[in-house]
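All values derive from a computational prediction rather than experimental measurement.
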Amino acid sequence: MSIGYACQTIGIPNTSSKNCTLKNANEEKLYQIISYNLDSLDHILNYNINNGIKLFRISSDLIPFASSPANTLEWWNLFQAKFIELGDKIKKHNIRVSMHPGQYTVLNSPNTDVVYRAIKDLEYHNRVLDSLKVGKNHKLVLHIGGIYNDKEQAMLRFITNFKTLDQRIKDRLVLENDDKLYNIKDVMEIASQTNSPVIFDNLHHKINPCNDLRDEFSWIQECKCTWEQEDGNQKMHYSEQNPLKRLGSHSNTINAEVFFNFYNNINREDIDIMLEVKDKNLSAVKCINAVSKEKSIKNLELEWSKYKYLVLEKSHEDYNSIRKLLKEKDNYPVIPFYNYIDHAMEKESAVGGSVNAAQHVWGYFKECATEKEKKLFESKLSSYTEGKISLLPVKKLLWQLTNQYQQNYLLDSYYFADVIETI
DNA sequence: CACCGTCAAGTCGCA
DNA sequence: TGCGACTTGACGGTG
């Protein structure tokens, strides 16, 4: 059983992706962007390896305009060595990767141009996975598409167009229920014709259920049968509704207890769960810890070291509660621990808490920083207190000092997540 | 420097 | 018939 996240990280340096507009796209620019994105992917893989995350979705933005005539680069040749290096790393560490062409890749459109572009896009995605030389258990996830006033015909068109695809693409494709048009029953029906494995998405199912009384766990079990030996373990998507946004919007974070119960209800080891959530890797680590068999408080202490100063900034009350919670070294209070973290993270930072946390972080440099650096920090912090600047420049300075003086305890801190986002 | 609209992709739903 | 929502970083323009 693996738990993973999609496309991007939070709070991890050198893992961002770049893109460009069609207008600015040229060979040199595209080359640089691809090179940058492949390096970022490398750093993401390193992070995943170091944090025991074995499931990851590679962003479709890896190669900009890859399925468009605007990109004339033979990127699979130009970066062949890098792809092989990345693929070796993936295989060596037993990571399962996937890709997920977005909502604009529509294989069942009545418009032949749209279908042509969809096929080009599937070829692109498959080419990335082929370039990594990873097996057929590393999947391409696809939705069915539109309805165009005639669902039956639209489903048939999907099946017909699917059959024209290259065998290597067919072998990788897996089909997912969506939140509007094709429910899990529809997808199962189509998949039985295309011989494709099916991804069950729990939130899509909640929003777009089928006229069938079976609960989500029965459907998960049903979907298992569509996964054959060479497809690898069954995969599913798990997400929770953001209560403040429109129906279908992913939550900011996964609730540890809700996930724990869901996972225990599935009660199987041979399933991989892709989380779709705003805080990405943070929730992946959270969910891994929530269901971990190794119930050691050391894992929570490691998490605490990363969240600590952000929690201190947002909520001194939760900060104190967590400190108290972690004093009992024989316990593994994973659910209350993350409940306090979530509670703190929901809060907006106030000036008092922000100053307090910044001063705590500054404490790491009290001994080593020069007088000039000290002056700079104090002046930035008072500018912030006086409302002249935002908190970001203060954190940027602390981040720079963290790197300069290699303060290991701070290097992995989520306190700097918003700074890292701007680099 | 901060903020906002636009861009790319395709479909659906609502004026 | 046409526009907003969905997604996300780049980019150009305004204050």
Counting the benzene-type ring for Trp, do A:F200 and A:W219 have ring centres under 6.0 Å apart? no
Between A:H343 and A:Y340, ring centroids under 6.0 Å: no
Under 4.0 Å: is that the gap between some side-chain N or O of [X] and OP1 or OP2 of [N]?
X      : N      : answer
A:R246 : C:dA5  : no
A:K278 : C:dT8  : no
A:R117 : B:dG10 : yes
A:Q8   : C:dG9  : yes

Check every strand shown and say whether [X] touches a base, only sugar-phosphate, or nothing at a heavy-atom separation below 4.0 Å.
X      : answer
A:N24  : sugar-phosphate
A:K245 : nothing
A:F65  : nothing
A:K180 : nothing

Nearest-angstrom distance from the residue atom [atom1] of [X] to [atom2] of [N]:
X      : N      : atom1 : atom2 : answer
A:Y36  : C:dG9  : OH    : P     : 11 Å
A:D179 : C:dC6  : CG    : P     : 11 Å
A:K23  : B:dC7  : NZ    : C1'   : 10 Å
A:Y182 : B:dG10 : OH    : C1'   : 13 Å
A:D61  : B:dA9  : CG    : P     : 14 Å
A:D121 : B:dA8  : CG    : P     : 17 Å
A:N37  : C:dA10 : CG    : C1'   : 13 Å
A:N19  : C:dC11 : CG    : C1'   : 12 Å

Side chain of [X] - closest among [options]:
X      : options                : result
A:K18  : C:dA10, B:dC12, B:dG10 : C:dA10
A:Q103 : B:dA8, B:dC12, C:dT7   : C:dT7
A:V114 : C:dA10, B:dT11, B:dA8  : B:dT11

Heavy-atom nearest nucleotide on DNA chain B taken for A:L181 and for A:Y104; more 5' hit belongs to A:Y104
When you match A:P393 and A:S109 each to their closest nucleotide on DNA chain B, which lands nearer the 5' end? A:P393
Close side-chain approach of A:F65 and A:C20, heavy atoms under 4.5 Å: yes
With A:K286 as the cation and A:F337 as the aromatic partner, state whether NZ or CZ is under 6.0 Å from the six-membered ring centre and within 45° of the axis. no
Counting only heavy atoms not in A:K278, do more than 12 fall under 6.0 Å of its NZ? no
Residues A:R57, A:E276: salt bridge by 4.0 Å N-O rule: yes
